[in-house]
Amino acid sequence: MLSRIAARVVPLFGRLTVTADAGARIEPGSILVANHTSTADPALVLAALRRGPAVEPVVLATAGLWRIPVLGRALTREGHVPVHRNSARAAAALDAAAVALASGRHVMLYAEGRIPPRRDAAENPPEMFRTGLARLARATGAQVVPIGQAGARRITSGSRAKQIAGLLTAPVRRPGLHVHIGSPLRLPDDVAAATLLAHGAVTEAWRTAAGALGEPAALGDAA
């Protein structure tokens, strides 16, 4: 349901384009990791995945979404995984993700663990990754597909008031949105090395996406 809704709704808020590395292929049971810059970017990535490789992944998302009555039931029904950050239950999300991967489902997660705190709508390079991605890849042997998105901050970013204003005006402004799918990786067993490798791959995918929109951030690492 989430992927189908995203595919229908995102084009109402902006002009989505999708690219991929030559020969990039998303095999069943892959981990998809994307940069996280806005509350809108999961919808961009889900819409792009359904449009191109026709993938509808299990999403690891903040547990707060499950407290929204209708949405929470839909998330549970579709097998999405709540992440209880900073709690003893946080590790359970990786266990549930491993089960989904073993069944051949794709799993999408955000290794940064938060949205950048900047107040403007400019692009932000991926922040440092937490280790959950590397630990999940090591435990399951799954390949990792880096995904970069840009433009989501043109829909929602900054304060709550700015986010609401962005959502209301986006259908009129129709900002450019771009998602780039990188080549799959096999991460090394060393968690630190794997985390750095995955971060670099997602950063390159993000840089490609931001460059497609002419974002200045694609030319450097200024935050």
Tell me whether [X] contacts the main-chain N or O of [Y] through its side chain, where contact means a donor paired with an acceptor under 3.5 Å.
X	Y	value
Arg153	Ala122	yes
His106	Glu27	yes
Gln163	Ser157	no

Distance alone, cut at 3.5 Å: any donor-acceptor contact between the side chains of [X] and [Y]?
X	Y	result
Asp41	Tyr110	yes
Thr17	His178	yes
Thr156	Ser38	yes
Thr37	Glu123	no

What I want to find out is whether [X] reaches [Y] closely enough, with some N-O distance under 4.0 Å, to be called a salt bridge.
X	Y	result
Glu215	Arg154	yes
Glu56	Arg50	yes
Glu127	Arg114	yes

ask   = So with a 6.0 Å cut-off around CZ of Arg174, is the heavy-atom count from everything else above 12?
value = yes
Arg8, CZ atom: more than 12 neighbouring heavy atoms under 6.0 Å = no
task = Check the hydrophobic clustering (I, L, V, M, F, W, Y; side-chain heavy atoms under 4.5 Å; chains of links allowed) and say if Ile147 and Val202 are grouped together.
result = no
message = If I compare all heavy atoms of Leu49 with all of Pro57, which pair ends up nearest, and what's the gap?
response = CD1-CG, 4.0 Å
query = What distance do Gln149 atom CD and Leu213 atom CG have between them, rounded to the nearest 0.5 Å?
reply = 9.5 Å
query = Please walk me through it: do Val33 and Val145 pass side chain to side chain contact (heavy atoms under 4.5 Å, CB included)?
reply = CA-CA 6 Å; Val33 57; Val145 179; over 6 Å; no
